[in-house]
Every structure is written in structure tokens, then in C-alpha cells.
Amino acid sequence: MSDSAGFSTRAIHAGQDPDPATGAVIPPIYATSTFAQDGVGGIRGGYEYSRSANPTRAALEECMAALEGGSRGFAFASGLAAEDTLLRTIASPGSHLVIPNDAYGGTFRLFARVHQRWGIEATTAHLTDLETVEAAVRPGRTTAVWVETPTNPLLNVVDIAGVAEIAHAAGALVIVDNTFASPYLQQPLALGADIVVHSTTKYCGGHSDVIGGALVVDDDELAEQLRFHQNAIGGVASPFDSWLVLRGLKTLAVRMERHSDNAEQVAAFLDGHPKVSQTLYPGLPSHPGFELAKRQMRRFGGMVTFRVAAGEQAALDVCARTKLFILGESLGGVESLIEHPGRMTHASVVGTELEVSPDLIRLSVGIEDVEDLIADLDHALA
Ligand code: P1T
């Protein structure tokens, strides 16, 4: 496959040549913990123990790297395992990071309740405002700026290139959690980021049947440090989970197009609805990040957040009344999901500055027929 191959060609072929032993077109699930050695120290085919490396996981890692335009990828047992390994790789007691004041609650909890205990300091900043980023970064002292865009659950759009300029001038790395956009809609490394993080549980896997995470970099030294920590800590993706994510990646481009088509229509429907006080979707011209999203993303994605005019109880009632939109945490699968961030995905940040409004509902708009999705919401809001 040529280096200039298009996104879907890479998704279907990168790291996935036919199996050399059998010609199998799909990478086999190498369900093995260990590999026979040809005498002590004589490693056959590069594999010795599956925590260190496994052929199915290696296929996924190569494919993720190819899709993000990086040189190396690393696959983990969950998005949070990827984040934790990354933090242990780049930070140590005394390190300072700038983190978003609007992000997945679990990411914030990892900083506030786990890493802070080990002496890692994190300053929260409103990353959509570059002046705030500039004020939060300590030149020569800050290890990294952690970006999530679009954010979970408010769908704020952060200027990756703008943050990279400020962070790099201060000697800090830029990390981008690209879970909501997926590599199809947004390419953080090309915009100046140093490290891309994914919860592959979401759009990369795409079918709500696996928990996984990934890191991608385009720097040999950083890659070597991550490889060491991935093996030393051990939170790796299993062969079966790697296979599921790889299968999902093959259709990522067509799924993201359909997610975006459907979400655009759902957002337009909600935006004009009398029971909805605010609709948050980067593809609405009224969204403060609309112009930036147009520049930075291929399309606007499948996540839509809205506020119910009558308040929290009315929001909870809507969550209870949808039938096609299944009430559940997570996102990015082919089926539509609805959730109440205040009581579900972001319950762990109640009482912090990340606490979200109680009238907020988050939709992961799936790839069903959009007329059915809109009818379901119309009924639930009635
Ligand atoms: O759940 P896990 O695979 O460990 O990924 C954590 C994670 C990281 N980053 C972002 C932006 C995320 O949205 C998540 C997980 N989020 C949910 C489970 C959710 O419903 O928002």
C-alpha cells in the first residue's frame, strides 16, 4: 500500500496484509500468551510474550498509526488505561499539566483523584480561549497541555494548532483526546499535536461491543518511552478486543459520514423545538466553534447535546421516554444512545468546576434511519 493511500484504503489494509502462514485475508485472533523460541534468546518472528507484543494487537497498532498519520500506535485495554500509561510516561512528581475545564469526567477523575496524589499538578483552563491557555502554561515548567475536542459533553471546539503554538513555545507537549471526532474527522498530529489519545470503545470500535484505548505518536523517542511503559505497566488490549476494533476501523469512514448526516438533521430538529432551550452541535452556525470546526474537522460528527427548557426533571423524563435512543453511557456505536451527563457520565465531577447543568441531555446519534430517530425524539419531548 502506498504512503499516499486514502483514509479508507488505510483503514482496510494498514497492518492487515494477508496472514503469511495461511493467506487468511483477515488478521487472525492470535489467542496465545507466549511464543516458542528457537533456543534461549532466539526469538522467531519478533514475538516472545503477548504483553510485550501480539500479532493481532500489532495489526491494530499499525492501523491506528496509519489513520492518525503517526509513526507508532499503542493499544490498551481501555481509554483510561491508555491515558494512565501516557501520564506515567511523560509526568513524574512535580510535573505540571494544563487540563480542560470541560472533558470526560473519568479523565478529570484520573487527574484529580489518582495522579494528583502522586504529586502531579494540574491546572484547569477553558481551552477554547487561547489567552487562558497562555496564562495557565508555565514556560519551561509545564509538561503538557491536554486537549479534548469536541469536548464531552458540551461539544466545545478547541483550536489544536493555536494551543500547539502556545504549548510548544513554552516547551510543553500537546495531547489531544480525539475520541469524539475519530481520525476520520480530525487529524491532530497534522495540526501540531504530539500525542493522540483514543477511547477506541467509541467510534473506532463503532459497535458497542468492546472497551479499548489507543495512543499514537509521530516521534521515535516518545514512541520508545511509550513502548517501554505499555509493557512495564501491562494495560494492553487483548487479541480479541484488538480484532474487534480492527474490524470496526474498516468501516469508520462510511459510519462517520452517516453519523454526521444524521446528527446534522437531529441538531436542526432540536434547535427549532419549543421545549429545547439550547442545542449544542458544532455544525450549527450558531455554535461558537462552528467556523473553527469547519477548518479543523472534515465534518461535525455524531454527538449532539441539548438543554431541556423545563429543567432537570423534564430532562430525566425525556431520557425515560425515548425508545430507539437507548438510555446508556458511552457513545460512537451504530445504535443511538441517550444519557443524562449530570447523573451518569459526569456524576464523578459533581462539585467540581466540570459539573454540568442538570437540564442537559447528550445524544450519540447512530446510523439508523434519521426519520425514525427524529420521530422518537419528537415523541419523547411532546
Ligand atoms: O471508557 P474508556 O474506554 O476507558 O474511555 C474513557 C474516555 C476517554 N476519553 C473520552 C473523550 C471519553 O468519552 C471516554 C469515555 N466516555 C464515556 C464512557 C462516555 O459515555 O462519555
Side-chain angles (χ1 to χ4, degrees), residues 60 64 68 74-87 99-115 127 146-158 160 175-183 185-186 188 193 195-216 233 235-238 241-242 244-245 248-249 259 280 282 297 301-305 319 325-333 335-350 354-356 360-366:
L60 170 61
M64 284 300 298
E68 286 289 359
F74 300 90
F76 295 87
S78 69
L80 283 176
E83 293 184 14
D84 183 52
T85 302
L86 171 58
L87 285 173
I99 63 170
N101 71 351
D102 165 25
Y104 172 54
T107 297
F108 183 78
R109 180 179 58 196
L110 181 66
F111 277 99
R113 307 265 305 271
V114 181
H115 283 271
L127 299 186
W146 187 289
V147 176
E148 194 181 287
T149 182
T151 62
N152 180 1
L154 298 178
L155 301 172
N156 283 313
V157 182
V158 178
I160 296 171
I175 298 159
V176 174
D177 184 332
N178 203 24
T179 298
F180 267 39
S182 89
L185 297 182
Q186 181 169 271
I195 302 157
V196 176
V197 179
H198 276 284
S199 168
T200 54
T201 311
K202 314 292 160 35
Y203 290 107
C204 292
H207 296 75
S208 303
D209 51 11
V210 61
I211 297 284
L215 301 173
V216 178
I233 297 169
V236 295
S238 76
D241 289 354
S242 298
L244 283 171
V245 176
L249 286 176
H259 281 296
L280 303 168
M297 298 173 71
M303 299 301 294
V304 179
T305 298
C319 290
F325 279 86
I326 298 166
L327 180 62
E329 303 202 2
S330 201
L331 58 117
E335 72 295 319
S336 293
L337 297 176
I338 187 168
E339 69 119 2
H340 185 266
R343 296 208 185 185
M344 295 170 66
T345 52
H346 290 66
S348 67
V349 294
V350 168
L354 272 80
E355 182 169 340
V356 296
L360 205 68
I361 291 179
R362 190 188 75 182
L363 302 177
S364 173
V365 180

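Atoms within each ligand, like the ligands themselves, are counted from 1 in listed order. Everything numeric in this text was worked out from a predicted model, so none of it was measured.
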Are Arg362 and ligand 1 in contact, using a heavy-atom cut-off of under 4.0 Å?
yes
Quick check on contacts: which atoms of ligand 1 are under 4.0 angstrom from a heavy atom of Ser78?
3 (O), 4 (O)
Proximal ligand 1 atoms for Gly212, defined as those under 4.0 Å from one of its heavy atoms
3 (O)
Taking side chain as C-beta onward, heavy atoms only, is Ser330 less than 4.5 Å from Lys202?
yes
Check whether any side-chain heavy atom of Asn152 lies under 4.5 Å from a side-chain heavy atom of Arg362, and answer yes or no.
yes
So which heavy atom in the protein is nearest atom 7 (C) of ligand 1, and how far is it from that ligand atom?
Tyr104 CD2, 3.4 Å
Does ligand 1 have an atom under 4.0 Å from some heavy atom of Pro153?
no
Measure the distances from the heavy atoms of Lys202 to every atom of ligand 1 and state whether one is below 4.0 angstrom.
yes
Taking Ser199's backbone N and O only, do any of them form a donor-acceptor pair with Thr179's side chain (distance below 3.5 Å, no angle check)?
yes
Please state which protein non-hydrogen atom is closest to atom 11 (C) of ligand 1 and give its distance, to 0.1 Å?
Asp177 OD2, 3.3 Å
Determine whether Leu155 and Phe180 make a side-chain contact, defined as any pair of heavy atoms from C-beta on separated by less than 4.5 Å.
yes
Please determine, by modelled atom types, if Thr149 and Gln186 share a side-chain donor-acceptor pair under 3.5 angstrom.
no
May I ask you to list the atoms of ligand 1 that are less than 4.0 angstrom from any heavy atom of Thr201?
3 (O)
Quick note on ligand 1: atoms under 4.0 Å from a heavy atom of Leu331 include exactly 19 (C), 21 (O)
Identify, by atom number and element, the atoms of ligand 1 in contact range of Thr345, meaning under 4.0 Å from any of its heavy atoms.
19 (C), 20 (O), 21 (O)
Nearest-neighbour protein heavy atom for atom 13 (O) of ligand 1, which is reported as residue plus atom name and distance:
Asn152 ND2, 3.0 Å
Leu127 side chain reached by Glu148 side chain, heavy atoms, under 4.5 Å
no
So, Ser336 side chain and Gly366 main chain: donor-acceptor pair closer than 3.5 Å or not?
yes
Hey, what do you get for CD (Glu68) to SG (Cys204), rounding to the nearest 0.5 Å?
7.5 Å
Can a non-hydrogen atom of Glu339 be found less than 4.0 Å from any atom of ligand 1?
no
If we only count heavy atoms from C-beta on, is the Val158 to Val176 side-chain gap below 4.5 Å?
no
Backbone or side chain, does any N or O of Glu148 fall under 3.5 Å from an N or O of ligand 1?
no
Would you mind checking which non-hydrogen protein atom is closest to atom 8 (C) of ligand 1, with the distance to 0.1 Å?
Glu83 OE2, 3.3 Å
Less than 3.5 Å between some nitrogen or oxygen of Gly79 and one of ligand 1, yes or no?
yes
Looking at ligand 1, is there an atom of it that comes within less than 4.0 Å of some heavy atom belonging to Ser330?
yes
When you measure from the side chain of Ser364 to the backbone of Leu337, do you find a donor-acceptor pair of N or O atoms at a distance under 3.5 Å?
no
Can you report which non-hydrogen protein atom sits closest to atom 5 (O) of ligand 1, along with the distance?
Ser199 OG, 3.0 Å
Any Thr107 side-chain heavy atom under 4.5 Å of Trp146 side chain
yes
